[in-house]
Amino acid sequence: QTAPDMWPFAGLALLSACLHLQAAAWGNWFDGLEGVIILDPSMNLQQLQGLVDGAAGATSHFGTARRALIFKPGVYPPQLNVNVGYYTSVMGVGQAPEDVVLTNVVVANDVTGTALNNFWRSVEGITVSGPRFTWAVSQGCSLRRSIVKNELWLSHKEGASSGGFMADVNVLGKVTMGTQQQWFTRNSELHAGLTCWGNAWNYVFLGVKGIDENMAKSCGKDVPSFSAVGQSPRVAEKPYLVLEGWEWKIFVPKFSGFPSVGTMSKQARAGSIGLKLKLDEQIFVVKPGMDSNAINAGMDTKVGLLITPGVYHLDAPLVVKKPNFVILGIGYPTLVAPGSKPCIKVLDNLKDVRIAGLILDAHSSLSGVPEPLLQWGVKASGREMLPEQQSVPGVASDLFARIGAFKYLNCLSLRVGTMFEFNADDLVVDNIWAWHADHDDCSGFDLATGSNMDRYRFASDKSKSMHGVVVNGQAVTAYGLSVEHISEGRMTFWKGDYGQCYFYQAELPYRSQSFTAYVVHESSKYHFAVGIGIYADDVMHAHTALEVSPFADIRKVFTVNFHGGISDTVSQVCQRADPSLGWGGVKCYRPEKCVRDICYYPTVQHIDAAARDPDLVPPLLPAMPLLPKAEVDWKDSAAEDRAKPPSGKKDDLDKNGIPKGQEWMYSEAPFGIPAELLGVIVFLILLVLGVLIYQGCKRSAMRNIILGREESAKLIFAAE
């Protein structure tokens, strides 16, 4: 080409360079932020490795350092090793994961030699090109919007791991589940399938390509712990930070109300972006040291927040007042609640709000009456029917709430009422964890040498928690829901109708008398859940793992005892009937199968609500060829038959006195005693006490009468 032909391109290059220099002169949004580390492929290896290692060395299990490792588009040196530590986000800021290429990414086991405490870290927006990507994590983590060129290992060869979340990930090599006890994957593609080591408790794959029946069987040798659902019913991916040219933006993916499967191509991904919000014009950047007034004022003038790494002690709630508002945290920023008030409150009737990438810490005194840490919608709408076209009120992605005694909060004993309260209809909840700490840094426990953490008395045991998650809204869909150690109430309480939950994990408190881990209110006319795992230490203090409406369709329930020996006489699922059905009380299922430390129930018989009410149209469920089929032929009369007492004939009863061939107990069983029997025992005790008291009173009265007569006789005798 001639020189004149090249002038337009030279002009564009010069303009771009000028804009870059001008932006540098004005300053960047990340200037002066210790927690934001910008990496560029033009840096030499020593610079890059020093920045990465510095981030890993700064963060710790309960420390206050937070880090966002931001990789600009390009291919990085193959010798660069990225170890993802606590409170660290590894973020590629290209428009697609192909734009940022790293070779070696790993999460190491911690000082215990396991990944059981590998919380609060994330990877998104990158391609990992090395021979093996080891992502050994547990709760509070996410792997999103990435490409794995070769093998993906979800644990190391040694050391237990338990729980993780993966979405929109394309894996070209084989996935090794390793020591993972539980796992959730959504909208991903596994080109070479996966391999299991046979120790699975609860794996759920939703809208994942590359899954077949043989894989499902290999992962569930003792119990069928592998659940596959063909499509994700409705979803929007998490917002993410992008460097487009020289301009920083937040990309907000569109919401899809249609079933989806697999990942997106680069072209499809570009077309899936609903909003591109410019940081310098539309976003208020929240920096450490800002108070609630400054942040709320920024929210009033902008359409979104970018909350940078740090710990923020709020003095008032952050209030979302506008539709389409976006809150994105990077580097695990932590919001400490303003006393008994929420960290974040979303007002009613707001369309398409997105909140992502935050930790919410409780900070109410034990004497306080705290509001939820996150309150999405002030009050439930009370809507009765599912509309033909569901609205898009919002998506919660990668949100993690905590209560405990931590040094940075002066080791105080605290109280939380509800961690997450969802009152709005039609919400999507995508990877949340509500955690009452079962260990902390205020109790003198050394993770490196300590053992039997579940036997140790931690300072966090003195804190009080009532609910992990409460859902009052209608048609709320949850993907990857974890709640642990809630001490005083129902761990998850689902009151709204038309709810769906794909993968649930709960660990009961070690010592306190817990209520049920997963509750669907008795008045609910429709609920669907798959892959429900409830875990206990030695003794399950709750009377049952799940308590649900008779209309709830529950598939694949797992209960695990960490130390083995779970009894198949303990009820797994109970159904509490609303009196309007014509039969009241509670009916409970025992496990179908128990092997060593895990018990299993395949599918809970339920009433077909649509058959009872033709006007009720439940949501269309995705294809589920690998799940147990629903048992929807249960009628009220069948429930009545199952509730009949046993005949009493020895041949018709099993060793526990339950009719053979039935998986029912007769009611909830506090202290291991069925309620009916407990009622009889209490009645007899009260009756005996009443008789004894009556007899005692009678004897006392007779004695007084006799003594009175004797005294009278003495007086008469003396008078004479």
Side-chain angles (χ1 to χ4, degrees), residues 139 160 162-163 180-184 198-204 219-227 438 454 468-469 481-486 490-494 501-520 529-548 552-576 586-605 627-628 656 658 663-665 667-674:
Q139 294 85 358
S162 190
Q180 280 292 345
Q181 297 161 341
Q182 51 192 340
W183 190 266
F184 177 75
N199 57 310
W201 293 348
N202 183 23
Y203 295 164
V204 176
C219 289
K221 295 177 181 178
D222 295 328
V223 296
S225 51
F226 186 106
S227 302
D438 62 338
D454 51 349
V469 178
L481 183 58
S482 297
V483 182
E484 294 191 309
H485 312 299
I486 301 301
R490 297 175 173 91
M491 302 181 78
T492 294
F493 193 13
W494 212 300
C501 181
Y502 298 86
F503 182 86
Y504 178 76
Q505 177 255 322
E507 188 174 311
L508 298 174
Y510 297 142
R511 280 165 287 278
S512 65
Q513 183 70 36
S514 173
F515 286 80
T516 309
Y518 190 92
V519 177
V520 179
V530 59
I532 307 297
I534 315 294
Y535 314 129
D537 174 67
D538 274 352
V539 177
M540 189 171 77
H541 298 293
H543 71 268
T544 183
L546 284 78
E547 183 177 289
V548 300
D553 182 0
I554 309 293
R555 318 274 183 97
K556 305 192 82 167
V557 177
F558 305 92
T559 49
V560 176
N561 185 313
F562 296 146
H563 299 284
I566 267 189
S567 170
D568 60 2
T569 63
V570 176
S571 57
Q572 260 187 318
V573 184
C574 292
Q575 291 171 312
R576 184 180 294 276
V586 179
K587 311 294 186 292
C588 297
Y589 293 96
R590 294 178 295 146
E592 180 180 86
K593 182 180 183 180
C594 291
V595 179
R596 295 187 303 277
D597 59 351
I598 185 168
C599 289
Y600 167 70
Y601 200 87
T603 181
V604 179
Q605 291 181 340
L627 289 187
N656 302 302
I658 305 298
E663 293 110 6
W664 287 78
M665 292 173 66
S667 187
E668 53 195 337
F671 314 109
I673 305 172

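With values rounded to the nearest 0.5 angstrom, Gln139 atom CD is found 4.5 Å from Gln505 atom CD. Put simply, CZ on Phe184 and OG on Ser482 are 10.5 Å apart, with the number rounded to the nearest 0.5 Å. Considering OG1 of Thr559 and CD1 of Ile534, their distance stands at 8.5 Å, rounded to 0.5 Å.
Minimum heavy-atom separation, Gln181 to Ala160: NE2-CB, 4.4 Å. The two residues Ala517 and Met491 have their closest heavy-atom pair at O-CB, 3.4 Å.
Using a 4.5 Å heavy-atom threshold, the side chains of Trp494 and Val548 count as separate. With a 4.5 Å cut-off on side-chain heavy atoms, Val483 and Tyr504 count as touching. Looking at heavy atoms from C-beta onward, Gln605 lies in side-chain contact with Tyr589 at the 4.5 angstrom threshold. A 4.5 Å side-chain heavy-atom check between Ser227 and Arg555 finds every atom pair outside the cut-off. Counting heavy atoms from C-beta outward, Ile598 and Asp222 have side chains that stay 4.5 Å or more apart.
Exactly one of Leu546, Val519, Thr516, Val586 qualifies for a side-chain contact (heavy atoms from CB on, under 4.5 Å) with Cys574. That residue is Val586.
In terms of the side chain to side chain contact (heavy atoms under 4.5 Å, CB included) criterion, residue partners of Ala529 (sequence neighbours excluded) are, by chain and number, Cys501, Tyr518, His527, Ile532, Ile554. Here Tyr600 pairs with Phe558 under the ring-ring contact (aromatic ring centres under 6.0 Å, His included) rule; sequence neighbours left out. Under the ring-ring contact (aromatic ring centres under 6.0 Å, His included) criterion, Phe226 pairs with Phe205, not counting sequence neighbours. In terms of the side chain to side chain contact (heavy atoms under 4.5 Å, CB included) criterion, residue partners of Asp438 (sequence neighbours excluded) are, by chain and number, Trp435, Met453, His485, Glu507, Tyr510. For Gln182, the side-chain hydrogen bond (donor to acceptor under 3.5 Å, both in side chains) partners at least two apart in sequence or on another chain are Ser162, Tyr535. Ala200 pairs by the side chain to side chain contact (heavy atoms under 4.5 Å, CB included) definition with Tyr203, Ser225, not counting sequence neighbours.
Although no hydrogens or angles enter the test, the distance criterion places no donor-acceptor pair under 3.5 Å between the side chain of Lys556 and the main chain of Asn202. Listed for the Thr544 side chain is a donor-acceptor partner under 3.5 Å among the backbone atoms of Gln572.
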